[in-house]
Structure formats: structure tokens, C-alpha cells
*Asks:* 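Structure provided below as C-alpha cells; questions to follow.
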Amino acid sequence: MPDPTPAEILADPQLWPAEPPQAMELQRRLAPQVRCEPLPARSVRLVAGLDVSYDNTRLAAAAVVMDLTTMRVVETATGAGTPRFPYVSGLFAFRELPPLLHALDGLRCRPDVLLCDGAGQAHPRRCGLACHVGVLLNRPTVGVAKSPLGTPGGVPERGRGAWASQRHGDTEVGRVLRTRSGVRPVYVSVGHRVTLEDACALTLRATPSYRLPEPIRAADQLSRRRLAEQH
DNA sequence: GCGACAG
DNA sequence: ATCTTGTCGC
């Protein structure tokens with residue numbers, strides 16, 4: 001059957017537990033559904049950056065789609081909402097996903113891959129936000145976090161492109177990647193339907209100038225503006 | 001029990 | 001996440 005739409009996901013009560021124990025249980029069910037597979041590199045052109053801003057009362061999400069070959073913004077969409085779940089480390093998908101799905105629902109184009117502001121498999125239950133949204137939508141996703149969740153990983157060399165592994169026992173759950181020489185690295189992990197290698201390569205391609213990928217920076221700014229103009 | 005803890 | 005402008009340095 002066809003991939004679920006953001007609206008269908010939002011409407012499914014089974015996917016929105018109210019309490020942390022049930023949320024953790026859902027993550028344990030989603031984690032095994034993550035698939036690591038090569039992202040057909042030449043077909044990757046449209047990359048969507050996702051981010052959420054919030055204050056005490058409201059959440060505002062943004063999706064910014066950019067064409068990687070030109071680095072131009074192709075389309076943007078936003079979504080808003082009221083917090084339905086407390087902030088709990090390791091569970092923030094349950095807080096940020098609803099407005100994010102509203103934003104994705106407003107997109108007319110179909111991005112080749114989604115870049116998420118947060119962890120993918122580098123997560124206590126191997127189901128960070130990037131895995132969560134990727135599995136639910138059955139779309140390729142990559143997690144790019146500004147700080148590590150759990151295992152800090154190694155320290156990469158100073159130059160752009162250098163990386164070190166983030167391991168959980170014998171498995172490499174993510175990479176500490178230097179996107180700018182001499183600048184604090186980012187933490188890249190697989191969300192869904194990408195390999196860790198492709199996730200890092202894509203992150204670098206999407207990050208020509210600053211520490212964070214351009215689509216994520218744009219989504220950060222847009223969601224912030226969206227939040228500001230609500231009040 | 002204590003500390004750490006994506007955004 | 002957010003409170004927040006200019007400023008020091010490569």
C-alpha cells in the first residue's frame with residue numbers, strides 16, 4: 001500500500017502516546033524498522049531541512065526545501081501547534097513531530113531526503129527523531145545533531161570532512177563530523193533508508209559555509225520567524 | 001543514590 | 001529550545 005501521508009500519521013492515535021513509558025515502547029517498535037541502504041547519490045537533488053522553535057506556549061515548525069545543485073530554496077512550509085508532550089531527553093520526537101508533520105503536509109514537492117535537526121540511530125533506543133519521521137513516512141532521512149546523545153564518540157582531526165565514529169558496543173551508530181575546519185563538529189546518524197556514509201557525504205554537500213547544513217539553518221530561521229509572528 | 005541528558 | 005549585540009580572531 002502507498003506511503004502514509006503526514007496527515008494520516010497525525011490522525012493515528014496509536015502513534016501519539018501521552019506518557020513517556022508508552023512513547024519509549026513505540027520507539028522500541030520503530031527502531032527495528034529502520035533500513036540502512038544506499039541513497040542513489042545522483043538522484044539526490046531536493047533536500048528538505050526540518051526544525052522547530054518554541055516558547056512556553058507554542059511550537060512552530062518549518063521545512064525548507066533546497067536544490068543541492070544550486071543551493072537555492074525551492075519551497076518552504078510551516079506548521080504550528082501546542083505542546084502535547086513534555087520535553088524529555090530521548091523522547092522529543094513526540095513533542096516536535098506534530099508541528100513538523102503539519103509543515104511537511106504543506107509541501108507540494110517531494111524532497112529526495114529529509115535532514116533533521118537531532119539524532120537518528122545515535123539514540124538510547126536507536127530511534128531518534130530522524131528515524132521516527134523516516135520510518136513513519138517511509139522516506140530517506142538523516143539526523144544531524146549539534147551535540148551528542150549518549151556516547152560522545154571520538155574526536156575528529158581539525159579539517160573539514162574529518163570524522164570519528166560514535167560506537168555503541170561493536171556497532172557504529174553515528175559519526176562525529178567536522179563540517180568546518182577548526183569548528184565544533186556535528187553528530188550525524190542514519191535516520192532511514194540511507195547508509196551512514198551517504199548521510200555524512202550528504203551532510204557535507206549541504207554544508208558549504210557554516211557549521212550546520214544550509215537547509216537546517218534556513219528552517220531554523222523560518223521556524224523562529226513563524227513563532228515570533230504568532231504572538 | 002548520583003550525574004548526565006538531542007532540542 | 002530560549003534570554004541576546006557587538007566583538008575578538010582566523
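Just so it is clear, the model here is predicted, and its values are computed rather than measured. Protein chains get the first letters and strands the later ones, always in sequence-line order, with residue 1 at the start of each.
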*Asks:* Round to the nearest Å and state the distance from A:Asp51 atom CG to B:dG7 atom C1'.
*Replies:* 8 Å
*Asks:* Starting at the 5' end of DNA chain B, write a dot or bracket for each base, bracketing those in Watson-Crick or G-U wobble pairs whose two distances are under 3.5 Å and using | for partners on another strand.
*Replies:* .......
*Asks:* Expressed as a whole number of angstroms, how long is the span from A:Arg125:CZ to B:dA6:P?
*Replies:* 13 Å
*Asks:* Measure across A:Val52 and A:Ala61 and return the closest heavy-atom pair with its distance rounded to 0.1 Å.
*Replies:* CG2-CB, 3.9 Å
*Asks:* Run through A:Trp16, A:Phe94, A:Phe92 and flag the one making a ring pair (Phe, Tyr, Trp, His ring centres under 6.0 Å) with A:Phe85.
*Replies:* A:Phe94
*Asks:* Output yes when A:Arg167 and A:Glu172 qualify as a salt bridge under the 4.0 Å nitrogen-oxygen rule, no when they do not.
*Replies:* no
*Asks:* Counting the atoms with a prime plus P, OP1 and OP2 as sugar-phosphate, which does A:Ala119 contact under 4.0 Å by heavy atoms, base, sugar-phosphate, or nothing?
*Replies:* base
*Asks:* Show each protein N/O and nucleotides 3-5 of chain B N/O combination with a separation under 3.5 Å, one pair to a line.
*Replies:*
none

*Asks:* Heavy atom of residues 155-182 of chain A under 4.0 Å from DNA chain B: which residues?
*Replies:* none
*Asks:* Reading DNA chain C in the 5' to 3' direction, which nucleotide is the first one with an atom under 4.0 Å from a heavy atom of chain A, and which is the last?
*Replies:* C:dA1 to C:dT2
*Asks:* Can you spot which of A:Val176, A:Leu177, A:Leu204, A:Val188 makes a side chain to side chain contact (heavy atoms under 4.5 Å, CB included) with A:Trp163?
*Replies:* A:Leu177
*Asks:* In whole angstrom, what separates A:Tyr187's OH from B:dA6's C1'?
*Replies:* 11 Å
*Asks:* Is A:Arg72 paired with A:Asp67 through a side-chain N to carboxylate O contact shorter than 4.0 Å?
*Replies:* no
*Asks:* What is the separation between atom CG on A:Asn56 and atom P on B:dG7, rounded to the nearest whole Å?
*Replies:* 19 Å
*Asks:* Should A:Val34 and A:Val135 count as side-chain neighbours, where that means a heavy-atom distance under 4.5 Å?
*Replies:* yes
*Asks:* Show the nearest heavy-atom pair for residues A:Gln166 and A:Pro148, with the distance to one decimal.
*Replies:* NE2-CB, 3.9 Å
*Asks:* Below 4.5 Å, heavy atoms only, C-beta onward: do A:Glu197 and A:Arg175 meet side chain to side chain?
*Replies:* yes
*Asks:* Check whether any side-chain heavy atom of A:Val194 sits under 4.5 Å from a side-chain heavy atom of A:Pro140, and report yes or no.
*Replies:* yes
*Asks:* Does A:Val133 reach the side chain of A:Leu104, with side-chain heavy atoms less than 4.5 Å apart?
*Replies:* yes
*Asks:* Reckon A:Gly143 touches a base, only the sugar-phosphate, or nothing at all at heavy-atom distances under 4.0 Å?
*Replies:* nothing
*Asks:* When you check the phosphate oxygens OP1 and OP2 of B:dG7, does a side-chain N or O of A:Lys146 lie under 4.0 Å from one of them?
*Replies:* yes
*Asks:* In the structure I gave you, are the side-chain heavy atoms of A:Arg45 and A:Leu68 within less than 4.5 Å of one another anywhere?
*Replies:* no
*Asks:* Do A:Leu50 and A:Ile216 come close enough that some side-chain heavy atom pair is under 4.5 Å?
*Replies:* no
*Asks:* Work out which heavy atom in A:Ala93 is nearest to a heavy atom in A:Pro98; give both atom names and the distance.
*Replies:* O-CD, 4.1 Å
*Asks:* For Watson-Crick and G-U wobble pairs within 3.5 Å on both distances, what is DNA chain C written in dot-bracket notation, | included for inter-strand pairing?
*Replies:* ..........
*Asks:* Should the pair A:Lys146-A:Asp117 be classified as a salt bridge under the 4.0 Å nitrogen-to-oxygen rule?
*Replies:* yes
*Asks:* Identify whether any heavy atom of A:Leu91 sits under 4.0 Å from a base atom; if not, whether one sits that close to sugar-phosphate; answer base, sugar-phosphate or nothing.
*Replies:* base
*Asks:* Is a side-chain donor-acceptor pair under 3.5 Å present for A:Ser223 with A:Ser53?
*Replies:* yes
*Asks:* Counting only pairs under 3.5 Å, give me each side-chain donor-acceptor contact of residues 17-27 of chain A, with atom names and distances, residues two or more places apart or in other chains.
*Replies:*
from	atom 1	to	atom 2	distance (Å)
A:Gln27	OE1	A:Arg125	NE	2.6
A:Gln27	OE1	A:Arg125	NH2	2.9
A:Gln27	NE2	A:Gly90	O	2.9

